[in-house]
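Structure first, commentary second.
No experiment lies behind these values; they were computed from the predicted model shown. Counting begins at 1 with the first residue of the sequence.
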Amino acid sequence: MAIIDTEAALHVAHRDNHTHRDVNGGWLRPAVFGAMDGLVSNLALMTGVAGGTAGSETVVVAGLAGLAAGAFSMAAGEYTSVASQRELVEAELEVERRELRKHPKDEEKELAALYEARGVEPKLAREVARQLSRDPEQALEIHAREELGIDPGELPSPAVAAVSSFGAFALGALLPVLPYLLGASTLWPAVLVALLGLFACGALVAKVTARSWWFSGLRQLALGGAAAGVTYALGTLFGAAV
């Protein structure tokens, strides 16, 4: 009895610890990309305008305009991109569904061959394929996973991608503008807040990836800082020329 209890406890421990994060929901990539893009692009825009010797009011207007334009652009782009991808996948699923309906035996043999190629004994592979093919929807799901590498029940949502991208970009783009809205009259508080935001975003991303928080944070800090430095130099150069 002690052995059974121990095995049961091990099974429960394995079940509780062997969980995976959602990697197909369609929200992580647009949210991360949106926040980073909002921070970097709006910081670069504002430093470029400030480098051209513009007043603080002009920098604020440029930052707010960049926030609005970028957020809507990101949302529209993500929606169109994910919707197009989803429609392509659905078209391929329809092709597979039609083949399963017209040539069920050929599709069953194809599935058995896939299992055989992975090391399953031929007789067992044919029996598994036969049993799994009895339900057309289950057969479609298995063929989609094996042949297309997708799960029909977990396709990314265009609306989720668009909303995630819009909100994340707006939040990221707001950070460089915030010091000005709170009374700052020079660029450097905005740069400091934006760079801290870049590091924090990078460190936060590390929570859902295998990278260390400091590496991810410093990477985003370096990329954003480089973009801001280049645009400030260009703004200064063009401002002096004009």
Side-chain angles (χ1 to χ4, degrees), residues 26-82 160-242:
W27 64 271
L28 180 59
R29 184 187 66 83
V32 171
F33 181 65
M36 297 300 179
D37 191 30
L39 266 167
V40 174
S41 64
N42 221 29
L43 175 62
L45 172 65
M46 292 172 65
T47 54
V49 172
T53 66
S56 59
E57 295 85 358
T58 304
V59 176
V60 173
V61 171
L64 292 175
L67 186 157
F72 282 108
S73 176
M74 285 288 292
E78 281 295 334
Y79 186 91
T80 303
S81 174
V82 175
V160 169
V163 171
S164 299
S165 182
F166 182 94
F169 186 99
L171 182 60
L174 178 63
L175 286 181
V177 186
L178 199 56
Y180 281 102
L181 297 179
L182 294 178
S185 58
T186 61
L187 178 66
W188 302 115
V191 172
L192 179 60
V193 169
L195 292 179
L196 289 174
L198 281 168
F199 183 85
C201 284
L204 183 62
V205 169
K207 293 293 184 180
V208 292
T209 65
R211 287 291 188 182
S212 60
W213 64 270
W214 59 267
F215 175 86
S216 184
L218 288 176
R219 178 175 61 184
Q220 296 303 327
L221 178 64
L223 293 173
V230 170
T231 54
Y232 183 83
L234 290 174
T236 302
L237 177 64
F238 294 147
V242 172

Which heavy atom of [X] sits nearest a heavy atom of [Y], and at what distance?
X: Gly224; Y: Leu198; value: CA-CD1, 3.5 Å
X: Tyr79; Y: Ala162; value: CB-CB, 3.8 Å
X: Trp214; Y: Phe199; value: O-CE1, 4.1 Å
X: Ala71; Y: Phe166; value: O-CD1, 3.4 Å
X: Ser164; Y: Val160; value: OG-O, 2.7 Å
X: Met74; Y: Ser165; value: CB-OG, 3.2 Å

* Asked: Using the ring of each side chain (for Trp, its six-membered ring), is Tyr232 parallel, tilted or perpendicular to Trp188, with breaks at 30° and 60°?
  ->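 Judged by the thresholds at 30° and 60°, the geometry between Tyr232 and Trp188 is tilted.
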Under 4.5 Å between any side-chain heavy atoms of [X] and [Y], yes or no?
X: Thr47; Y: Leu187; answer: yes
X: Phe169; Y: Ser73; answer: no
X: Val40; Y: Leu223; answer: no
X: Pro176; Y: Met46; answer: yes

Atom [atom1] in [X], atom [atom2] in [Y]: separation rounded to 0.5 Å?
X: Thr80; Y: Glu78; atom1: OG1; atom2: CD; answer: 9.5 Å
X: Leu171; Y: Leu39; atom1: CG; atom2: CG; answer: 8.0 Å
X: Leu175; Y: Leu196; atom1: CG; atom2: CG; answer: 9.5 Å

* Asked: More than 12 foreign heavy atoms under 6.0 Å from OH of Tyr180: is that the case here?
  ->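 Atom OH in Tyr180 is crowded, with more than 12 foreign heavy atoms closer than 6.0 Å.
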* Test applied, side chain to side chain contact (heavy atoms under 4.5 Å, CB included); reference residue, Pro189; option that passes from Thr186, Val193, Leu192 ->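 Result: among Thr186, Val193, Leu192, Thr186 is the only option passing the side chain to side chain contact (heavy atoms under 4.5 Å, CB included) with Pro189.
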* **Criterion side-chain contact (heavy atoms from CB on, under 4.5 Å) on Leu45 and Asn42, from CA distance to verdict** => CA-CA 5 Å; Leu45 172 65; Asn42 221 29; 3.8 Å; yes
* Just by modelled atom types, is the Asp37 backbone N or O under 3.5 Å from a matching donor or acceptor in the Ser41 side chain? -> yes
